[in-house]
Amino acid sequence: MPKLSKDYYLQTDVVYLAKDLLGKTLFTLFDSQLTGGIITETEAYAGITDKASHAYGNRRTKRTEIMYHAGGEAYVYLCYGMYSLFNVVTNIEGVPHAILIRAIKPVEGIAEMERRINKTIKSDKTTQGPGKLSRVLGIHYSHSGISLAGNSIWIEDNNLRLNDSQIITSPRIGIDYAKEDALLPYRFVATL
DNA sequence: CGGCCGATCCACT
DNA sequence: GTGGATCGGCCGA
């Protein structure tokens with residue numbers, strides 16, 4: 001179960017990577033509790049030319065600075081005052097690309113996940129949604145900037161290979177403010 | 001410093 | 001289908 005290499009995240013085609021991350025497994029290890037799930041939904045955010053991206057127009061703030069780092073870090077931010085949304089930073093240093101992970105299918109540490117949300121996981125719906133998957137995995141916006149090569153949050157390739165027939169492509173969710181860029185086919189969903 | 005708002009979720013009708 | 005929760009980030013003054 002090899003961890004994805006640093007070079008993997010340095011690849012420059014963020015849309016390709018968003019699709020490629022489907023079927024890989026996202027793990028966290030916090031408080032000696034290992035939890036993980038297969039990535040089943042992603043969205044690509046294509047940097048300074050993408051009106052949906054926090055880095056649109058080359059905007060640099062303390063928060064978005066993480067996206068300008070070299071690929072292989074977590075970009076996690078607070079949304080609606082209560083949800084931590086987890087993104088994978090990609091591309092070389094200076095190019096602020098990121099991939100939002102929107103859903104997982106739990107495979108490891110399910111009891112711990114249930115403890116974190118204080119209810120049982122009855123269907124995959126419980127871990128579908130960017131706010132929900134961060135909660136079950138214990139990811140918090142204070143984790144923004146940590147390396148995916150470390151031992152807190154990482155992604156493994158478990159050699160699950162998907163056919164194109166198992167992948168649905170669509171526009172991204174919740175970004176109407178991005179006008180014409182809201183129509184870009186940058187969202188990928190795996191049907192497992 | 002004040003005010004607006006969001007890459008969401010859930011309870012309710 | 002709809003609205004409320006809830007607060008850090010961002011912008012303009």
Side-chain angles (χ1 to χ4, degrees), chain A residues 9 13-22 24 26 28 35 37 39-69 71 73-91 95-106 113-146 148 153 155 167-190:
Chain A
Y9 300 107
D13 186 341
V14 68
V15 177
Y16 162 80
L17 282 177
K19 188 171 172 181
D20 193 66
L21 280 174
L22 295 176
K24 296 189 167 44
L26 174 62
T28 64
T35 52
I39 295 169
T40 58
E41 183 177 344
T42 61
E43 287 179 358
Y45 285 83
I48 65 173
T49 61
D50 181 354
K51 290 182 179 173
S53 171
H54 294 163
Y56 175 64
N58 207 37
R59 195 156 57 82
R60 284 177 180 265
T61 66
K62 184 168 186 183
R63 178 179 68 152
T64 63
E65 195 62 29
I66 304 296
M67 281 198 284
Y68 291 83
H69 292 180
E73 290 186 13
Y75 170 54
V76 191
Y77 70 93
L78 182 68
C79 191
Y80 295 102
M82 57 186 93
Y83 299 108
S84 290
L85 271 53
F86 171 75
N87 301 251
V88 175
V89 175
T90 69
N91 214 310
V95 183
H97 286 182
I99 298 164
L100 173 67
I101 308 301
R102 293 189 56 88
I104 60 167
K105 181 182 177 63
M113 293 181 183
E114 292 176 332
R115 207 168 299 132
R116 285 172 177 156
I117 60 177
N118 196 31
K119 61 182 181 185
T120 58
I121 295 174
K122 59 209 175 303
S123 78
D124 288 347
K125 284 211 158 144
T126 310
T127 56
Q128 290 170 351
K132 293 194 279 185
L133 80 87
S134 290
R135 272 193 76 198
V136 299
L137 292 175
I139 297 172
H140 185 262
Y141 61 88
S142 63
H143 297 128
S144 197
I146 74 170
L148 301 179
I153 308 176
I155 299 172
I167 298 175
I168 298 166
T169 302
S170 82
R172 293 168 292 182
I173 303 297
I175 54 157
D176 290 346
Y177 60 84
K179 301 188 177 176
E180 71 273 17
D181 286 348
L183 301 175
L184 293 169
Y186 282 3
R187 173 172 175 252
F188 303 97
V189 182

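Letters A, B, ... are given to chains in the order of the sequence lines, protein chains preceding strands, and every chain is numbered from 1. Values in this document were obtained by computation on a predicted structure and should not be read as measured data. Every heavy atom of this structure was used, including side-chain atoms; hydrogens, water molecules and symmetry mates were not.
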Listed pairs, N/O of protein and of nucleotides 10-13 of chain B, under 3.5 Å:
none

| message | Distance check needed: B/dA7 P versus A/M67 CE, whole Å only. | response | 11 Å
| note | Sequence neighbours excluded, the answer for side chain to side chain donor-acceptor pair (under 3.5 Å) partners of A/D124 is A/K105
| task | Write down the distance between CD1 (A/I117) and C1' (B/dT8), rounded to a whole number of angstrom. | result | 15 Å
| query | Going by heavy atoms closer than 4.0 Å, what residues in residues 40-50 of chain A are next to DNA chain B? | reply | A/Y45
| note | Here the distance between atom P of B/dC9 and atom CE of A/M82, to the nearest Å, is 11 Å
| said: Tell me the closest heavy-atom pair linking A/Y68 and A/R59, and the distance in Å. | reply: OH-O, 2.8 Å
| field | Side-chain donor or acceptor of A/T126 paired with backbone N/O of A/S123 under 3.5 Å | value | yes
| message | Using a strict threshold of under 4.0 Å (side-chain N to carboxylate O), is an ion pair present between A/R172 and A/D50? | response | yes
| field | A/Y80 OH - B/dG6 P separation (whole Å) | value | 6 Å
| task | Report the distance from atom CG of A/N87 to atom P of B/dT8, rounded to the nearest whole Å. | result | 11 Å
| request: Provide the closest heavy-atom pair for A/V14 versus A/A98 in the form atom of the first, atom of the second, distance. | output: CG2-O, 3.7 Å
| field | Between A/Y45 and A/E43, a side-chain donor and acceptor under 3.5 Å | value | yes
| Under the 3.5 angstrom rule, does the side chain of A/K24 hit a backbone N or O of A/D20 as a donor-acceptor pair? | yes
For nucleotides 10-13 of chain C, print each protein N/O atom paired with a nucleotide N/O atom at under 3.5 Å, atom names and distance only.
from	atom 1	to	atom 2	distance (Å)
C/dC10	OP1	A/T61	OG1	2.8
C/dC10	OP1	A/R63	NE	3.0
C/dC10	OP1	A/R63	NH2	3.4
C/dC10	OP2	A/T61	OG1	3.0

| field | Between B/dG6 (C1') and A/Y77 (OH): distance, integer Å | value | 8 Å
| said: Between A/E41 and A/R187, does any NZ, NE, NH1 or NH2 come within less than 4.0 Å of an OD or OE carboxylate oxygen? | reply: yes
| said: Nearest whole Å is fine: how far is B/dC9 P from A/L85 CG? | reply: 7 Å
| task | Please state the P separation for the pair C/dG1 and B/dA7 - nearest whole angstrom. | result | 22 Å
| Could you spell out the base pairing of DNA chain C in dot-bracket, with Watson-Crick or G-U pairs whose two distances are under 3.5 Å, [ ] crossing and | to another strand? | |||||.||||||.
| query | Taking atom types as modelled, is there a side-chain donor on A/T35 or A/R116 under 3.5 Å from an acceptor on the other? | reply | yes
| request: Output yes when a side-chain donor or acceptor of A/N87 lies under 3.5 Å from a complementary backbone atom of A/Y75, and no otherwise. | output: yes
| request: Taking all non-hydrogen atoms of both residues into account, name the closest pair between A/P96 and A/I48 and its distance. | output: CG-CG2, 3.8 Å
| message | Regarding A/L78, tell me which of base, sugar-phosphate or nothing describes its non-hydrogen contacts under 4.0 Å with the strands shown. | response | sugar-phosphate
| request: Measure the distance from NE2 on A/H140 to P on C/dC7 and round it to the nearest whole Å. | output: 11 Å
| message | Say we look at C/dT6 and B/dG2: how far apart would their P atoms be, to the nearest angstrom? | response | 22 Å
| field | Check: A/T169 side chain, A/F188 main-chain N or O, donor-acceptor pair, under 3.5 Å | value | no
| remark: When every non-hydrogen atom of A/L133 is compared with those of A/T127, the smallest separation belongs to CB-O, 3.9 Å
Side-chain donor-acceptor contacts of residues 79-86 of chain A below 3.5 Å, not counting sequence neighbours, with atom names and distances?
from	atom 1	to	atom 2	distance (Å)
A/S84	OG	A/Y141	N	2.9

